[in-house]
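We're numbering straight along the sequence, starting at 1. Both ligands and their constituent atoms are indexed starting at 1 by order of listing. When reading the values below, keep in mind they use all heavy atoms of this one structure, side chains included, and skip hydrogens, waters and symmetry mates.
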Amino acid sequence: MSDVKTYESNDIIIEWRPSVCVHAGKCVRGLPKVFNLDQRPWINVEAATADEIAAVIDKCPSGALTYKRK
Ligand code: SF4
């Protein structure tokens with residue numbers, strides 16, 4: 001698990017593992033203002049509340065997205 005990217009706000013830390021992602025799109029459809037492949041970085045952790053982000057990450061089928069609440 002060497003390829004972990006982290007995205008951090010004051011409330012939450014998101015971790016994303018590209019090699020685990022199956023591109024099911026649950027994240028980009030569930031919360032497009034945060035998970036947007038057209039932006040860099042593709043995750044904007046400031047664009048929604050930690051609760052909203054956590055709810056979508058809980059639906060990630062592969063476990064590529066995880067989070068830690070601060
Ligand atoms: S929901 Fe998870 S598996 Fe699906 S695209 Fe997003 S990160 Fe990848």
Side-chain angles (χ1 to χ4, degrees):
M1 289 290 201
S2 56
D3 61 334
V4 180
K5 298 194 187 315
T6 61
Y7 308 85
E8 183 169 352
S9 75
N10 289 334
D11 302 315
I12 193 167
I13 303 170
I14 300 173
E15 291 187 349
W16 181 60
R17 291 168 179 77
S19 64
V20 178
C21 178
V22 297
H23 306 289
K26 295 273 185 192
C27 52
V28 292
R29 280 196 296 276
L31 203 52
K33 59 192 174 180
V34 172
F35 302 100
N36 180 350
L37 295 168
D38 294 330
Q39 68 192 4
R40 292 291 179 274
W42 79 282
I43 297 175
N44 179 358
V45 69
E46 306 285 356
T49 66
D51 284 343
E52 290 176 295
I53 292 170
V56 167
I57 289 179
D58 285 340
K59 297 191 178 107
C60 174
S62 67
L65 281 171
T66 56
Y67 61 88
K68 294 179 191 135
R69 304 291 289 258
K70 291 194 184 172

Determine whether a donor-acceptor pair (N or O, by modelled atom type, separation under 3.5 Å) exists between the side chain of Arg17 and the backbone of Gly63.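 Side chain of Arg17 to backbone of Gly63: no pair is present.
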
Side-chain donor/acceptor of Lys70 to backbone N/O of Ser9, under 3.5 Å: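 A pair under 3.5 Å: yes.
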
Salt bridge (charged side-chain N to carboxylate O under 4.0 Å, His left out) partners for Asp51, two or more places apart: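 Partners of Asp51 by the salt bridge (charged side-chain N to carboxylate O under 4.0 Å, His left out) criterion, ordered by chain and then number, come out as Arg69.
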
Closer than 4.0 Å to some heavy atom of Trp16 - which atoms of ligand 1 meet that?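 Answer, ordered by atom number: 7 (S).
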
Keeping to residues at least two apart or across chains, list the ring pair (Phe, Tyr, Trp, His ring centres under 6.0 Å) pairs with something in residues 43-70.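 Listed once each, the pairs would be none.
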
Give me the number of protein N, O or S atoms whose distance to atom 2 (Fe) of ligand 1 is under 2.8 Å.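 Those protein atoms number 1 in total.
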
How would you list, by chain and number, every residue that makes a salt bridge (charged side-chain N to carboxylate O under 4.0 Å, His left out) with Lys59, sequence neighbours excluded?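 Lys59: no salt bridge (charged side-chain N to carboxylate O under 4.0 Å, His left out) contacts found.
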
How long is the span from the SG atom in Cys27 to the CD1 atom in Ile53, to the nearest 0.5 Å?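 The distance works out to 12.0 Å.
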
